[in-house]
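Within every chain, numbering begins at 1; the chains are lettered A, B, ... in the order of the sequence lines, protein sequences first and strands thereafter.
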Amino acid sequence: MTQEFTLQAKGISVKLGRRQVLKDVDFSATAGRVTTIVGPNGSGKTTLLRAMTGEIAHRGKVRLNGADTTDMKPWQLAAIRAVQPQNSSIAFPFTVLEIVRLGLSAGLSAADSTVPLQALEAVGLAGFAGRMYQDLSGGEQQRVQLARVVTQVWEPVVDGTPRWLILDEPVASLDIGHQFTVMDLARNYATRGGGVVAVMHDLNFTAMFADHVVLMEAGLIAATGTPFEVLTDETLARTYGCPVPVNTTPPAQIPFLLPQARIDLAARSA
Amino acid sequence: MSLATTDIANPEAGASKPELISPAVDRRIRARQLTLLLVLLLGLVSLLSLTTGASGTSLWAVLQDLLAGRELSTMERVVLLDIRLPRLCMGILVGASLAVSGAVMQGLFRNPLADPGIVGVSAGAGLAAITAIVLGSLLPATVQQLVGSALVPLSAFFGGWASTLILYRVSTRGGQTSVATMLLAGIALGALSGATSGILVYIADDTQLRDLTFWGMGSLAGATWVKVLTALPIIGLALATAPFLARGLNALALGEAAAGHTGIAVQRVKNIAILAVAGATGAAVAVSGGIGFIGIVVPHLLRLATGPDHHSLLPNAALLGATLLLAADMIARIIVAPAELPIGIVTAILGAPVFLWILLKRRGGLGI
């Protein structure tokens with residue numbers, strides 16, 4: 001029997017203060033695919049991610065590659081799962097390289113000391129190793145954090161077991177060029193067999209890069225499926241409370257950007 | 001779609017393999033060189049410290065005597081072995097523990113201003129020590145015999161531990177430390193300790209009063225082998241946790257949640273860090289009173305020189321802390337000779353401006 005590796009959550013409920021933020025949510029992501037969690041502000045995307053990574057108290061079970069995460073030690077989890085934080089502030093004047101190296105000691109890639117530099121190159125920060133982290137812009141800091149996280153689980157598959165990248169709004173404060181850099185990296189990681197779960201705001205990038213979309217609304221799952229199934233006029237209008245026409249050309253006077261135009265599906269599957 | 005810039009799929013294809021890290025970028029190399037330099041410096045200052053003092057005995061003369069095979073005079077032996085050597089050992093122990101507990105506490109609170117002296121941990125340890133001096137005689141005789149001379153250091157340890165715990169609870173929410181709350185809580189803890197100590201001073205008898213005056217000033221003058229040997233195991237144990245703490249404190253700079261995701265058992269690191277700070281501060285306060293600013297100046301200077309990596313910061317802090325305290329002790333002994341200044345005055349005069357300078361540089365930045 002071939003085992004399918006998943007990140008699976010069953011019956012996740014979270015209460016913050018008096019408010020029920022998540023109500024009995026089931027979630028599943030498969031290794032080898034990019035799964036994105038989308039939804040309006042306050043719908044519980046980040047809360048779901050935090051519950052699944054064990055950052056906040058919750059009811060329900062989370063299983064990673066078949067094992068209950070509550071039974072795993074922090075270092076066992078760190079060896080197969082890396083989590084990119086939304087908040088990237090850091091105490092003390094570390095250099096970029098010193099921050100990225102923090103990922104080395106955690107994962108299994110400790111042997112190869114060139115991984116941090118390769119990771120920096122992969123997020124478009126080659127040559128930044130000696131810079132002070134605190135002097136960088138918000139978007140650059142975010143990519144340094146991504147490089148650290150990728151360093152931690154550098155090889156997407158180790159001994160036949162996939163590893164996971166968990167990303168909280170990985171492209172939130174990036175320019176469009178680096179949004180592509182980061183999403184290409186995530187896409188690549190999944191293509192090579194790793195698992196990727198990302199909370200996303202940008203529906204266009206979700207349409208372009210996700211294999212599986214989980215749409216949330218008011219602490220519940222509103223829809224799941226392929227981008228084609230979930231991102232429809234009707235579902236989006238209902239969830240976001242405003243008309244979001246899909247695959248419709250705007251009036252001729254308004255310029256529009258279609259980053260999708262650069263995607264070559266043949267190259268992706270190759 | 002172009003994959004050239006992000007081809008982590010095939011590192012050998014497309015993007016070139018990055019060059020090896022140059023020493024200019026890698027501060028670990030400089031940190032190791034600094035360790036060597038600090039060892040030499042500590043050796044030098046130790047020798048100087050042995051030759052400095054009110055009596056005319058100089059190390060050089062003693063060495064000459066020893067080499068020539070002459071017996072040391074009783075005077076020389078007493079001055080060297082019973083006065084200066086224990087004072088030297090205590091200076092090294094106290095200096096190292098003050099600097100390391102400062103560095104560990106700053107790592108734990110993710111803030112370069114957290115120092116046991118400033119945020120009330122030393123005050124808490126001092127209060128417990130004073131309580132032990134004044135009220136220790138009320139304990140049952142069996143307990144007194146059992147604990148013996150360790151009563152004061154042990155109390156100081158528990159005092160330091162309790163204040164660190166209270167401080168951490170008050171100032172840290174959801175893994176983030178509020179600097180303002182931390183400093184204000186430190187003021188409150190310090191005031192409370194001060195007031196309670198005031199009450200105890202009224203209760204104390206004359207001998208106890210002399211012991212207590214010593215706490216306010218902070219000094220290595222009371223150094224004896226007994227004190228060195230009581231402090232040694234506690235401080236040694238606290239310093240021994242440093243290699244384990246280094247990785248955890250580095251990761252904690254990312255915030256508690258992110259540290260956990262890199263595989264750190266965060267709660268265990270925090271518990272051990274708090275115990276280490278309490279142990280090192282408590283023992284230092286118990287034998288030498290309140291000596292300020294070593295814990296804040298030393299880690300700050302080292303971070304400027306070689307960065308905040310705790311793998312090198314903690315051992316280098318121990319070395320530089322010991323060196324600076326010995327130097328301050330020599331100044332205290334020389335400057336008004338044959339009398340002696342309390343060393344706390346020297347460290348405050350040298351350290352307080354540095355503290356103000358840190359505040360000035362950080363103003364407007366980093367959430368103060």
Side-chain angles (χ1 to χ4, degrees), chain A residues 50 53-55 73-79 81-83 85 87-95 97-99 102-103 105-107 113-114 116-124 126 129-130 134 145 148-150 152 154 156 166 180-182 184-185 187-189 191-192 262-264 267-268, chain B residues 1-11 14-22 24-28 106-107 109-112 114 174-177 247 249-269 299 303-304 307-311 313 365-367:
Chain A
R50 287 203 176 149
T53 56
E55 281 180 35
K73 302 272 182 237
W75 53 91
Q76 293 173 318
L77 275 169
R81 179 196 75 186
V83 183
N87 171 9
S88 54
S89 74
I90 282 195
F92 304 121
F94 282 98
T95 64
L97 180 64
E98 286 163 352
I99 294 293
L102 291 177
S105 46
S113 62
T114 63
L117 291 183
Q118 294 181 56
L120 279 173
E121 197 166 309
V123 299
Q134 285 160 347
Q145 292 283 351
R148 171 179 69 77
V149 166
V150 169
Q152 189 179 327
W154 182 246
I166 313 285
F180 271 104
T181 309
V182 167
D184 280 345
L185 186 152
R187 173 82 246 158
N188 236 304
Y189 197 81
T191 307
R192 293 164 62 212
R262 54 170 270 181
I263 298 231
D264 179 354
R268 180 184 279 184
Chain B
M1 150 172 80
S2 156
L3 294 177
T5 53
T6 60
D7 204 351
I8 62 173
N10 324 289
S16 60
K17 193 104 175 169
E19 288 170 41
L20 283 174
I21 301 154
S22 74
V25 173
D26 195 341
R27 294 192 282 188
R28 289 185 296 189
Q106 285 144 29
F109 282 81
R110 287 171 288 272
N111 193 286
Q176 298 296 325
T177 303
R247 206 188 132 214
L249 292 177
N250 280 347
L252 270 182
L254 301 167
E256 277 187 28
H261 293 317
T262 67
I264 300 295
V266 173
Q267 194 54 48
R268 190 186 308 168
V269 168
R303 276 191 216 100
L304 283 180
D309 183 346
H310 290 86
H311 287 108
L313 180 63
L366 304 174

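In terms of non-hydrogen atom pairs under 4.5 Å with chain B, the most contact-rich of A:Pro93, A:Ala126, A:Gly130 is A:Pro93. The candidate with the highest count of non-hydrogen atom pairs below 4.5 Å against chain B, out of A:Lys73, A:Arg81, A:Arg50, is A:Arg81.
Between A:Pro74 and B:Gly260 the shortest heavy-atom distance is CB-O, 4.2 Å.
With contacts defined as side-chain heavy-atom distances shorter than 4.5 Å, the pair B:Leu254/A:Arg148 qualifies.
Residue A:Gln145 touches chain B through its side chain alone, counting heavy-atom pairs closer than 4.5 Å.
Between the CD1 atom in A:Ile99 and the CG atom in B:Asn250 there is a gap of 8.5 Å [rounded to 0.5 Å]. Taken from CD1 in B:Ile264 to CH2 in A:Trp75, the straight-line distance is 10.0 Å, to the nearest 0.5 Å. Taken to the nearest 0.5 Å, the CZ atom of A:Phe92 stands 12.0 Å off from the CG atom of B:Asp309. The CG atom of A:Leu102 sits 9.0 Å away from the CZ atom of B:Arg247 when rounded to the nearest 0.5 Å.
Put simply, the side chain of A:Glu98 never gets that close to the backbone of B:Arg27: no donor and acceptor are under 3.5 Å apart.
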